[in-house]
Amino acid sequence: MATETLLVEQRGAVTLVTLNRPQALNALNSQVLADLLTVFAAYDADPTQRCAVLTGSEKAFAAGADIKEMAPQGVGDMFGSNFFAGYDLFTRTRKPVIAAVSGYALGGGCELAMMCDFIIAGDSAKFGQPEIKLGVTPGMGGSQRLARAVGKAKAMEMCLTGRMMDAAEAESAGLVAKVVPAADLLAEALKTAETIAAMPPLAALAVKEQVNVAFETTLQQGILFERRLFHGLFGTEDQKEGMVAFVEKRPGKWVGR
Ligand code: HXC
């Protein structure tokens, strides 16, 4: 399946979504957003799919929001259309989404990668928030998510200078989960996705909600939220199966109930 700007492929229980605007280094225009929302809503709704990988090309995950689309816009256009607020819907995808980043992830591209649940980077990856060079700032969550991921010092420095961070620095700073040789990126991301796809799916949904709540609430509230979700999973068939299978020394078989 494909949309105007995305390639979509189901590999078993893993959905692979590839940004496909090579002529613009996968710059994110309004069509990309519309297509992402369509594709990820379908992913969430499809019970055969358990994990997604979002990737770009070898040269660019995405080189930012589409500057040519934004250039003529006035404040009334941006405010009136609530420009790119639709990405809030993308972040509400309930099932796991891994970003597999090779090459440039700049501006909105870095922000899109950070909206995913975690990032696996090829060793050629370059992350940055260069919007200041265009007379603007991050506008899709970069100032907030980068600060949470790498801390104030590096986030502030990157957003103020527009400099790029390479894959090794991104890993040591905590922006990416792991770095792999660029040539192995897709295979490694798909392998990780298959591991997640083989987990009990309700527990995977719960983990995603738990970790995300850590960024929205106090420690005490977050721990209570975690405990209640943990308790709730004791009402599922997969919990019974998982614990019995452990005792019987065999792999569990998940039904997602
Ligand atoms: C539109 C873009 C683009 C972008 C690249 N292209 N980035 N088009 N929007 N963000 C286009 C170029 O115009 C060019 O097309 C083609 O892609 C190849 O790019 P080149 O610049 O020729 O490639 P190269 O010399 O290899 O340089 C790569 C690059 C550079 C370093 C990544 O393209 C670059 O600096 N891009 C802009 C990065 C950026 O500022 N991103 C932040 C955008 S603002 P043509 O047809 O002209 O040859 C943003 C705001 C987010 O993201 C918040 C929104 C709410």
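Since the structure is predicted, the reported quantities are computational estimates derived from the model, not experimental observations. Indexing begins at 1, ligand by ligand and atom by atom, following the structure's order. Just the heavy atoms: all of them, side chains too, but no hydrogens, waters or symmetry mates, feed the values below.
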Please identify each residue that fulfils side chain to side chain donor-acceptor pair (under 3.5 Å) with [X], with sequence neighbours left out.
X	value
Arg228	His231
Glu111	none
Glu237	Arg257

Show me a pair-per-line table, with atom names and distances to 0.1 Å, of protein N or O atoms that are under 3.5 Å from an N or O of ligand 1.
| from | atom 1 | to | atom 2 | distance (Å) |
| --- | --- | --- | --- | --- |
| ligand 1 | 9 (N) | Ile67 | N | 2.9 |
| ligand 1 | 10 (N) | Ala63 | O | 3.0 |
| ligand 1 | 10 (N) | Ala65 | O | 3.0 |
| ligand 1 | 13 (O) | Lys68 | NZ | 3.3 |
| ligand 1 | 26 (O) | Lys59 | NZ | 2.6 |
| ligand 1 | 41 (N) | Ala63 | O | 2.9 |
| ligand 1 | 46 (O) | Lys68 | NZ | 3.4 |
| ligand 1 | 47 (O) | Lys68 | NZ | 3.0 |
| ligand 1 | 52 (O) | Ala65 | N | 2.7 |
| ligand 1 | 52 (O) | Gly108 | N | 2.8 |

Problem set entry | CZ (Arg94) with more than 12 external heavy atoms under 6.0 Å |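 Not buried by this count: 12 neighbours or fewer within 6.0 Å.
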Problem set entry | Any side-chain donor near an acceptor of the partner, Ser30 and Glu69, under 3.5 Å |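 Side chains of Ser30 and Glu69: pair found under 3.5 Å.
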Exercise. Strictly by modelled atom types, are Glu216 and Asn212 linked by a side-chain donor-acceptor pair under 3.5 Å?
Worked result: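 No - no donor-acceptor pair under 3.5 Å links their side chains.
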